[in-house]
Peer 1: 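Submitted below is the structure of interest, expressed as structure tokens.
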Amino acid sequence: MMIFVLRRCGTMVLTMLVVSLLLFLLLEISPGNVATKVLGPYSSEEQRNLWLEAHGYFDPIYERYFRWLGNFVIGDFGNSIRFKVPVGEVLWPRLANTGILALATLGVVVPVSLILGVLAGMREGSTLDRTISVSSIVTTSVPEFASAVLLSAVFVFLLDLLPGTSGMSEGFDLKQLILPVMVLAVYDFGYVTRMTRASMAEVMLTHYIRTAMLKGLPYKTVIMRHALRNALITPFTVIMLQINWLLSGVIVVEYYFAYKGFGALLLEASLNSDIFVIEACAMVAVFVAVATQTIADVGYTYLNPRIRFS
Amino acid sequence: MSEQTIEIPRRESSILRAFKSLALLRESAVGMVGLAIILFWVLVAIFADLLAPFPPNATIMPLVMPGTEAPDGGMFLLGTDHIGRDILSRIMHGARQVLIYGPLATVCAYSVGIPMGLAAGYVGGLTDEILSFMANVILSFPVLVLYVIIIATIGASAVNIVIAVTFASAPGIMRIVRGLVLDLRSREYVFAAQTRGEPPWRIMAVEILPNARGPLIVDACLRLGYVIITIGVLGFLGLGLPPPDPDWGGMINETRQMAMAFPHMALFPCLAISSLVLGFNLLADGLREVSLRD
């Protein structure tokens with residue numbers, strides 16, 4: 001197990017190197033734009049060149065890349081072009097905000113989708129199953145930006161219950177968190193529900209469940225003691241991988257509700273070719289992806305006795 | 001030695017077989033609903049010029065509620081937007097954009113992803129290692145982040161959206177194809193072809209690929225739905241097809257600030273894109289259900 005985790009860490013470092021190099025090359029395509037974006041469209045050619053020179057853009061790309069890499073390793077992420085402060089200063093608070101958003105979303109998605117998935121998979125083909133299955137397809141079909149518009153039309157304009165933006169300008173406000181979480185949860189829960197349902201339905205067809213039923217055990221005991229344990233292994237993996245998806249959804253939701261998080265930061269940085277912020281965000285994204293994948297794999301082995309003891 | 005003729009049943013033409021398998025879909029109510037929704041939007045897109053009551057980019061009468069009469073005859077069934085363009089006409093023409101670039105991008109992604117997957121799965125070895133590592137690198141990145149960075153760097157245009165979708169989806173397709181190939185390449189008909197001395201590319205294209213089509217078709221449906229969402233999201237973030245041509249995501253982005261007073265401006269494009277994606281998801285579900293049955 002240790003070797004497995006260590007190998008994963010090795011892969012992660014390698015992936016980070018490749019991703020950061022690719023991003024450097026990609027952003028290299030339009031170096032002139034950076035100066036225009038910082039100095040504005042009315043800056044002269046000379047001003048732009050001076051700015052590029054001062055920020056080291058005329059050095060060969062490998063030199064700039066290795067300078068960035070050396071600094072990154074010792075924890076210096078460089079300065080943001082857009083915000084004109086060290087990257088860490090903008091990145092960490094934003095990441096914390098997104099962490100709150102993601103945790104709250106998972107706090108809603110996990111229990112709801114597990115319960116619905118188990119209820120649907122318990123009696124495959126029943127009316128309840130059909131209702132849950134179809135409604136989970138419907139909610140996954142509504143893109144986040146569309147459900148954001150629909151939900152705010154109802155809760156902000158029609159009922160006037162919730163605030164329409166979540167800037168949190170006057171400190172943390174739980175009320176402003178409700179709509180973003182709702183939008184993310186509505187989009188995400190369908191997939192987890194469907195996976196849980198499939199896994200549960202499969203377990204219900206196994207011989208040991210039939211044996212337990214024929215033994216005359218109460219239905220509730222069969223479900224709680226025999227079926228659930230095995231049926232919940234797959235959803236665990238799915239949920240871990242869902243965290244990576246959440247990172248995409250967060251961009252749209254944070255943009256729509258003006259929530260000051262990681263996704264909005266990445267969007268702003270990309271639109272302004274803010275290379276060091278993009279690189280730092282990308283490293284965070286890769287880290288989250290590989291870490292969740294590793295936890296999913298380790299957890300899967302641990303939860304599944306057939307693998308654990310072989 | 002007696003002469004004996006063996007009656008070999010004639011193989012049905014592939015078109016006929018395709019139609020027969022499509023007819024199987026009739027058994028799935030969910031799939032039929034999905035197909036109906038998709039056909040509806042395809043027809044709207046094809047006949048947008050005839051159906052749309054107004055030209056999509058004409059500014060006629062700003063900020064009009066649904067059901068208002070137009071100054072020179074006709075009616076704004078879904079109202080107009082902030083600069084006076086008829087929303088119904090724009091949604092109809094927007095369907096055209098989505099249904100051209102969505103499938104185009106998906107086809108491009110498959111034509112890159114399938115050869116890569118075949119090579120990784122069939123050839124194996126170092127080829128597989130390199131291709132799988134590349135796929136893992138790209139997939140370890142949140143998809144939307146990838147789109148945003150690519151589009152923000154190379155600029156927003158239809159071609160660039162297709163390129164970005166291809167780049168971001170091909171690795172996922174590659175992984176699926178690779179998995180299917182690993183399963184199929186130990187089948188007898190592949191060994192038979194190898195014994196006959198068929199070249200590897202022929203075995204991959206003629207023996208393996210057609211037998212992997214079932215799961216790939218279902219995946220293509222789901223993926224198409226997701227690509228449509230992606231095009232919508234890019235439009236919504238202001239990175240979509242350049243204005244003024246109608247684009248559902250862009251329509252939502254332009255008008256959402258006025259949603260307080262004029263909710264219809266953003267609401268109808270939302271319903272349009274959601275229903276189309278729903279169509280593809282339902283169709284995928286129906287196809288899966290039918291393919292599991294036999």
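Chain identifiers are assigned alphabetically (A, B, ...) following the order of the sequence lines, protein sequences preceding nucleic acid strands; residue numbering begins at 1 within each chain. No hydrogens, no waters, no symmetry mates; every other heavy atom, side chains included, goes into these values.
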Peer 1: Which residue out of B/Ala266, B/Gly232, B/Gly225 racks up the most heavy-atom pairs below 4.5 Å with chain A?
Peer 2: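 Heavy-atom pair counts peak at B/Gly232.
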Peer 1: Is B/Tyr226 in contact with chain A via its backbone, its side chain, both, or neither, using a 4.5 Å heavy-atom distance?
Peer 2: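 Only the side chain of B/Tyr226 comes within 4.5 Å of chain A.
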Peer 1: What part of A/Leu271 gets closer than 4.5 Å to chain B, counting heavy atoms only: side chain, backbone, both or neither?
Peer 2: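 Backbone plus side chain of A/Leu271, per the 4.5 Å heavy-atom cut-off to chain B.
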Peer 1: Between B/Ile252, B/Val233, B/Asn253, which shows the greatest number of heavy-atom pairs under 4.5 Å with chain A?
Peer 2: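 Max contact count across the listed options: B/Val233.
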Peer 1: Given that the side chain runs from C-beta out, which part of A/Ala269 has a heavy atom under 4.5 Å from chain B: side chain, backbone, both or neither?
Peer 2: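 Neither part.
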Peer 1: Please rank A/Leu266, A/Val290, A/Ile137, A/Val138 by heavy-atom pairs under 4.5 Å with chain B and give me the top one.
Peer 2: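 Result: the option with the highest number of such pairs is A/Ile137.
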Peer 1: Let me know if B/Tyr147 has heavy atoms under 4.5 Å from chain A in its side chain, its backbone, both or neither.
Peer 2: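 Contact with chain A: none, neither part.
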Peer 1: Between A/Ser133 and A/Arg197, do the side chains contain a donor N or O and an acceptor N or O under 3.5 Å apart?
Peer 2: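 Present: a donor and an acceptor within the cut-off.
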Peer 1: Judged by modelled atom types alone, do A/Trp68 and A/Ser20 share a side-chain donor-acceptor pair under 3.5 Å?
Peer 2: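 On atom types as modelled, these side chains do not qualify, holding no pair under 3.5 Å.
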Peer 1: Would you tell me whether A/Thr292 and A/Asn244 have side-chain atoms, one donor and one acceptor, within less than 3.5 Å of each other?
Peer 2: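 There is no such pair (donor and acceptor under 3.5 Å, judged by atom type) between the side chains of A/Thr292 and A/Asn244.
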Peer 1: When heavy-atom pairs shorter than 4.5 Å are enumerated against chain B, which of A/Leu14, A/Leu246, A/Thr11 gives the highest number?
Peer 2: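 Of the candidates given, the most pairs with chain B belong to A/Leu14.
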Peer 1: Does B/Arg90 come within less than 4.0 Å of B/Asp247, counting only side-chain N to carboxylate O?
Peer 2: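 No, this pair does not count.
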Peer 1: Of all of B/Leu267, B/Ile228, B/Asp285, B/Ile273, which one pairs up most often with chain A through heavy atoms under 4.5 Å apart?
Peer 2: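 Option with the greatest count: B/Asp285.
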Peer 1: For chain A, which candidate among B/Leu237, B/Leu139, B/Val30 shows the most heavy-atom pairs at distances under 4.5 Å?
Peer 2: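 Ranked by heavy-atom pairs under 4.5 Å with chain A, first place is B/Leu237.
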Peer 1: Given that the side chain runs from C-beta out, which part of A/Phe262 has a heavy atom under 4.5 Å from chain B: side chain, backbone, both or neither?
Peer 2: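 Looking at A/Phe262, nothing touches chain B.
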Peer 1: Please look at B/Ile229 and chain A and tell me whether the side chain, the backbone, both or neither of the residue comes under 4.5 angstrom of a heavy atom of that chain.
Peer 2: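 Backbone plus side chain of B/Ile229, per the 4.5 Å heavy-atom cut-off to chain A.
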Peer 1: More than 12 heavy atoms of other residues, nucleotides or ligands under 6.0 Å from CZ of A/Phe287: is that the case?
Peer 2: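 No, because the 6.0 Å sphere around CZ of A/Phe287 holds 12 heavy atoms or fewer from other groups.
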Peer 1: Any chance the rings of A/Phe276 and A/Phe77 have centres within less than 6.0 Å?
Peer 2: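 Judged by ring-centre distance (under 6.0 Å), A/Phe276 and A/Phe77 do not meet the cut-off.
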Peer 1: Checking A/Ser113 against A/Tyr191: is there a side-chain donor and acceptor pair closer than 3.5 Å?
Peer 2: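 On atom types as modelled, these side chains do not qualify, holding no pair under 3.5 Å.
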Peer 1: Can you check whether B/Val112 reaches B/Phe167 side chain to side chain, under 4.5 Å on heavy atoms?
Peer 2: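 Side-chain contact under 4.5 Å: no.
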Peer 1: Testing the basics here: between A/Asp188 and A/Gln242, what is the closest heavy-atom pair and its distance to 0.1 Å?
Peer 2: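 Answer, listing the atom of A/Asp188 first, then A/Gln242: OD1-NE2, 3.3 Å.
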Peer 1: Using a 4.5 angstrom heavy-atom cutoff, name the option from A/Leu247, A/Val149, A/Ile278 with the most pairs to chain B.
Peer 2: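 With the most close heavy-atom pairs to chain B, the winner is A/Val149.
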